[in-house]
Amino acid sequence: MLKGNNLLRLFGYFLVVYLGLIILFKWNPMQQAHNVYYSAVAPKFFNVINPNLYLVFIPTAPPNDEDWNTTIHLYKKEKHRRSLSNKTYRNQVSIDGVFYRNFYELAILPTLFLISLFVITPLISWKKKLLYFFVSLIILYFFLTLHYSHIIENLTLLDGNIGPTFWHKFVAVFGFRGLNEPLYIIAMVSWAGFCFRPELLKYILSSEEVQGKD
């Protein structure tokens, strides 16, 4: 039992932090703050990674019963000779599609999961934790981009059929066929890749508390 003390302690800390963050982000102003942030950040990933589509995220949505809070304008890159990053140009051309989403389950919850893992990790300085967290967040956002590339291109535009190109098949596999659960595995693997060292394993299997590094 003693050897399980640190493991149980860390698991308890993780639950407290993760559930506390979930409760905090149930508060609509916190969700909207993340929505504004994510609407600014997500297109920077999507529009570089996705070869076919250009998205504009707007952190509002029309009144609805689906809990949507984000509007996504879609442009097909093949139709445009000028850069779609030019807002003036976008205002002069027609939108190829409009979608609505709520990123609470897709983006917020996996991010809170990742934050919780780094917060409870011992034996690593906070400076390194912040660095490792931001790199892990970039990795998570990369897979999020593949995830909703599959949702938009295969599930929505192609009515659930996988497109003919390598890209369509690639995002179907690495976008996890639209499932959210693998995103937590990505978060955990990213965390483990930076933090899981022999000394951490030794600490987990020990019953002695060790102070974290400064």
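All heavy atoms count here, side chains included; hydrogens, waters and symmetry mates do not.
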Linking I/L/V/M/F/W/Y whenever their side-chain heavy atoms sit closer than 4.5 Å, directly or via other members, would I120 and L7 fall into one cluster? yes
Check your understanding: Between Y184 and L109, is a side-chain contact (heavy atoms from CB on, under 4.5 Å) present by the stated rule, with each step listed?
Key -> CA-CA 9 Å; Y184 295 89; L109 291 184; 3.2 Å; yes
Applying side-chain hydrogen bond (donor to acceptor under 3.5 Å, both in side chains), run through H147 and N180 and close with a yes or a no. CA-CA 8 Å; H147 183 279; N180 292 352; 3.2 Å; yes
What one should report as the nearest heavy-atom pair of A187 and P110 is CB-O, 4.4 Å
Does any N or O in the side chain of Q32 come within less than 3.5 Å of the main-chain N or O of P59, such that one atom is a donor and the other an acceptor?
yes
Quick check against the 3.5 Å criterion: does R81 have a side-chain atom that pairs as donor or acceptor with the backbone of E78? no
**Prompt:** So, for Y148 and F46, is the gap between ring centers shorter than 6.0 Å?
**Reply:** yes
Exercise. Side-chain contact test, heavy atoms from C-beta onward, threshold under 4.5 Å: evaluate it for S136 versus F118 and give yes or no.
Key: yes
Going by chain and number, the hydrophobic cluster around Y89 (ILVMFWY, side chain to side chain under 4.5 Å) further includes Y54, V56, I58, W68, Y75, L84, V93, I95, V98, Y100
dist L74:CG -> L157:CG (nearest 0.5 Å) comes out at 6.0 Å
Next on the checklist: Can you see whether N52 engages E153 through a side-chain donor-acceptor pair at a distance of less than 3.5 angstrom?
Outcome noted: yes
Query raised in the report: Under the side-chain contact (heavy atoms from CB on, under 4.5 Å) criterion, do L21 and S116 qualify, and how do the steps go?
Result: CA-CA 8 Å; L21 288 173; S116 302; 3.7 Å; yes
Examine distances only and state if a side-chain atom of N154 and a backbone atom of G163 form a donor-acceptor pair shorter than 3.5 Å.
yes
Y18 meets the ring pair (Phe, Tyr, Trp, His ring centres under 6.0 Å) criterion, sequence neighbours left out, with F14, F113
Can you tell me if OH on Y104 sees more than 12 non-hydrogen neighbours from other groups inside 6.0 Å?
yes
Any chance you could lay out the side-chain contact (heavy atoms from CB on, under 4.5 Å) test for K77 and L53, step after step, and finish with the verdict? CA-CA 5 Å; K77 290 180 178 179; L53 304 177; 5.7 Å; no
For this session: Begin with the C-alpha distance, continue with both residues' side-chain angles, and end with the deciding distance and a verdict on side-chain contact (heavy atoms from CB on, under 4.5 Å) for Y203 and E199.
Result: CA-CA 6 Å; Y203 172 80; E199 54 266 30; over 6 Å; no
Rounded to the nearest 0.5 Å, the NZ atom of K26 sits from the CG atom of N28 at a distance of 10.0 Å
Contacts satisfying salt bridge (Lys or Arg N to Asp or Glu O under 4.0 Å) that involve residues 55-76 (not counting sequence neighbours) are none
Would a single hydrophobic cluster contain both I49 and L106, if residues Ile, Leu, Val, Met, Phe, Trp and Tyr are joined by side-chain heavy-atom contacts under 4.5 Å? yes
Residue set satisfying ring pair (Phe, Tyr, Trp, His ring centres under 6.0 Å) with Y38, at least two apart, ordered chain then number -> H34, F103, Y141
Rounded to the nearest 0.5 Å, the CG atom of L55 sits from the CZ atom of F45 at a distance of 14.0 Å
Contacts of F11 meeting ring pair (Phe, Tyr, Trp, His ring centres under 6.0 Å) (sequence neighbours excluded), chain-then-number -> none
Margin query: Can you confirm whether more than 12 heavy atoms, excluding those of E105, are under 6.0 Å from its CD atom?
Written below: no
Self-check item: F166-V173 co-clustered via ILVMFWY side chain contacts under 4.5 Å
Solution: yes
Besides V189, the hydrophobic cluster formed by Ile, Leu, Val, Met, Phe, Trp and Tyr side chains linked at under 4.5 Å, directly or via other members, contains I185
Exercise. Using distance alone, with no hydrogens and no angle criterion, decide if T121 and W191 have a side-chain donor and acceptor under 3.5 Å apart.
Key: yes
Minimum side-chain heavy-atom gap I152-R101 below 4.5 Å: no
In this structure, CG of L8 is separated from CG of L10 (nearest 0.5 Å) by 9.5 Å
Tightest non-hydrogen contact, residues N102 and N69, listed as CA-OD1, 3.5 Å
Do V48 and F134 sit in one hydrophobic cluster, given that two such residues count as connected whenever their side-chain heavy atoms are within less than 4.5 Å of each other, even indirectly?
no
How about T70 and N35: does a side-chain donor come under 3.5 Å of a side-chain acceptor?
yes
Rounded to the nearest 0.5 Å, the CZ atom of R90 sits from the OG atom of S85 at a distance of 7.5 Å
| message | For K44, I'd like to know if atom NZ has over 12 heavy atoms of other residues, nucleotides or ligands within 6.0 Å. | response | no
OG1 of T111 to CG of L144, rounded to nearest 0.5 Å, is 7.0 Å
key: Pair D96, H73: side-chain N/O donor-acceptor within cut-off below 3.5 Å   = no
- Message: Could you tell me if the side chain of L158 sits less than 4.5 Å from the side chain of I162, heavy atoms only?
- Response: no
With the 4.5 Å side-chain cut-off for hydrophobic clustering, are L15 and V17 part of the same group?
yes
